[in-house]
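Atom set for the values below is all heavy atoms of this structure, side chains included, hydrogens, waters and symmetry mates excluded. Sequence lines set the chain letters: A, B, ... in the order given, protein chains first and strands last, and positions in each chain run from 1.
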There are 2 protein chains.
Amino acid sequence: MHQDLASTALAPCLPRKQQAPAATCPELANYLPLGDNELTRLMAIARPVPVAAHRRLFLDGEPADDTFLLSSGAVRTFRLLPDGRRLITAFMFEGDFLGFTVDGRYEFAAETITPARLCRIPRRRLDALLDDCPRLRNALLHFATEELRLAQDHMVLLGRKSATEKLASFLLHLARRHARDGRTTEPMQVPLPMTRGDVADHLGLTTETVSRTLTQLRATGAIDIPSLRSVTVLHPGALAALADGG
Amino acid sequence: MHQDLASTALAPCLPRKQQAPAATCPELANYLPLGDNELTRLMAIARPVPVAAHRRLFLDGEPADDTFLLSSGAVRTFRLLPDGRRLITAFMFEGDFLGFTVDGRYEFAAETITPARLCRIPRRRLDALLDDCPRLRNALLHFATEELRLAQDHMVLLGRKSATEKLASFLLHLARRHARDGRTTEPMQVPLPMTRGDVADHLGLTTETVSRTLTQLRATGAIDIPSLRSVTVLHPGALAALADGG
DNA sequence: CGATGGCTTGACATTCATCAATGTATGTGG
DNA sequence: CCACATACATTGATGAATGTCAAGCCATCG
């Protein structure tokens, strides 16, 4: 079902020398607090990669040859158990770094959910650049730290929250993230690019429970569900109260 | 119940200038692959802190003024929900770094489980040292990365494993960790410094379920439980098979 | 030696998973 | 453009895993 990315979306990028002006990733500037010089050097090694929906970017355990900046679209990162059970460790959106590792192997698999644009940064070159670019190093360290913080939050969610609390927390998280990136509509309409099954595999539930719990949340008036792929947060306060059993 | 550390164990360290030869942390050398020069500089800012059992080291959200290296004993790191539910994000042992953060606030709370010895490293001085000590920076980055990898593993455990799988995974993890640090006995006897309640709060279960599941595991012959605070892994293969439903 | 906290075991309750049927959106080929 | 196929979503009925409540046991520590 899932084609390997290397043979499809990434392939067109490999023969870089043929196109006279190599494509660049100007959007890097939007996500990294860097000086002109550092940005120029980073852009020199980054290449834009458009990827279709539902394509695998990499698998966990593979050599981590590239780091990616996601500049549009949504990605899921996950781990599988031998029998196929899946846990989606995170959903990634515009501005997130993906696949940055220090020990040379990806720690999770990643697939696009929607069509996406990525900036692909070869690891060897990035490492070299990091050596004398403290601000970039710092920026990546901040991303890694944030990732760890989110992982801690999520462990609490997975280990100690009820289905309702899980959904409320998740929707709030999505809403905040969406507000952070883009525009804040009132009432806040939040896109849900992932399926109910994806949500279930992120929250440690089943599709059915996600569906039922969303229906219940709608019944409380905290949210509305105008379409399958979006949720309107009508009452953030109520949702926040539900999110940790307050 | 839990006294604040600052008023007790840490206090003797604060007036550093009074003791003629300031105490040092020679054990840092055991855990960090550093050159003599870097090690000397790190030891110059690190101070040993003995801490009794069941003392709080810090709370999540507090200013992260110190980073610690745990040189003996066991520590639990955790988060609390407003109503008191607890999730223990990790157990820390000899050689683990604790409280290293980039944004100035601790991301979780930490308490000793047993009496412990810590090397306390003031954050401001550590940051300064990191700026021109790439190997130390690299070592800390590796620790942070490892922490993230463990967090991913644990999310899979919390979200997708049964009680039996959780306990089997946990015991294997402890056994491997113990083998890595210290000596490997045959059959492998693994200390369990934490209570059943701690284990439950780490695995997203209740004390009762932990107790029952351990009894079941013993019945399978995979482990023995010679005392409340230790487990003997009789059949690592069987335990590994149980750990992910293989 | 008694008290306290931790552990185990049992009976029962509850949440959520499972199984099953139906409904709905999406995309494709005729 | 429509009809169909497919994947996804919802809803209901049922069951299993685990939580809750309760009692008693055991170990440790003053």
Do T77(B) and T89(B) have side-chain atoms, one donor and one acceptor, less than 3.5 Å apart? yes

Run the side-chain donor-acceptor check on residues 231-246 of chain B: report pairs under 3.5 Å with partners two or more places apart or on a different chain.
unit_1	atom_1	unit_2	atom_2	d
H235(B)	ND1	A238(B)	N	3.3

Which whole-number value in Å describes the distance from R218(B) CZ to dT8(C) C1'? 10 Å

Atom CD1 of I225(A) to atom C1' of dT24(C): distance rounded to whole Å? 15 Å

Any side-chain N or O of R229(A) under 4.0 Å from OP1/OP2 of dA9(D)? yes

Would a distance-only check, ignoring hydrogens and angles, find a side-chain to backbone donor-acceptor pair under 3.5 Å from S72(A) to A116(A)? no

Keeping the roles fixed (side chain from T112(B), backbone from H54(B)), state whether a donor-acceptor pair exists under 3.5 Å. yes

How bent is the helix from dC1(C)-dG30(D) to dG30(C)-dC1(D), comparing axes over its five end pairs at each side, to the nearest 10°? 40°

OP1, OP2 of dT10(D) versus side-chain N and O of T215(A): anything below 4.0 Å? no

Take R79(A) and D153(B) through the salt bridge (charged side-chain N to carboxylate O under 4.0 Å, His left out) test and state the conclusion after the steps. CA-CA 8 Å; R79(A) 291 268 199 95; D153(B) 290 344; 2.6 Å; yes

My understanding is that only residues two or more places apart in sequence, or in another chain, count here; which of them pass salt bridge (Lys or Arg N to Asp or Glu O under 4.0 Å) with R218(A)? none

Considering only heavy atoms from C-beta outward, does the side chain of L70(B) approach that of F68(B) to under 4.5 Å? no

When F100(B), F78(B), F58(B) are each screened for ring pair (Phe, Tyr, Trp, His ring centres under 6.0 Å) with Y106(B), the one that passes is F58(B)

Measure the distance from CG on L158(A) to C1' on dC16(C) and round it to the nearest whole Å. 15 Å

Heavy-atom side-chain contact between S169(B) and L157(B) under 4.5 Å: yes

Could you identify which residues of residues 166-173 of chain B place a heavy atom less than 4.0 Å from some atom of DNA chain C, listed by residue number, or say none? none

Side chain R212(B) and base dG19(D) donor-acceptor under 3.5 Å: no

Classify the angle between the aromatic ring planes of H202(B) and H154(B) as parallel (below 30°), tilted (30 to 60°) or perpendicular (above 60°). parallel

Nearest-Å distance for atom pair CG/C1', residues L192(A) and dA9(D): 13 Å

How many whole angstroms separate atom NE2 of H54(A) from atom P of dT6(D)? 17 Å

Please give, in whole Å, the distance from dT15(C) P to K161(A) NZ? 18 Å

For R160(B) and dC16(C), what is the distance between atoms CZ and P respectively, to the nearest whole Å? 13 Å

Expressed as a whole number of angstroms, how long is the span from L217(B):CG to dC7(C):P? 16 Å

Is any side-chain heavy atom of V75(A) closer than 4.5 Å to one of V51(A)? no

For L203(B), is there any backbone N or O sitting under 3.5 Å from a side-chain donor or acceptor partner on K166(B)? yes

Okay, side chain of R160(A), backbone of M155(A): is any donor-acceptor separation there less than 3.5 Å? no

Please list, by residue number, the residues of residues 80-91 of chain A whose heavy atoms come closer than 4.0 Å to an atom of DNA chain D; answer none if no residue qualifies. none

Is there a side-chain contact between T195(B) and R229(B) in this structure, where contact means two heavy atoms from C-beta onward sitting under 4.5 Å apart? yes

Using a cut-off of strictly less than 4.0 Å between a heavy atom of the residue and any atom of DNA chain C, enumerate the qualifying residues of residues 195-211 of chain A by number. G204(A), L205(A), T206(A), E208(A), T209(A)

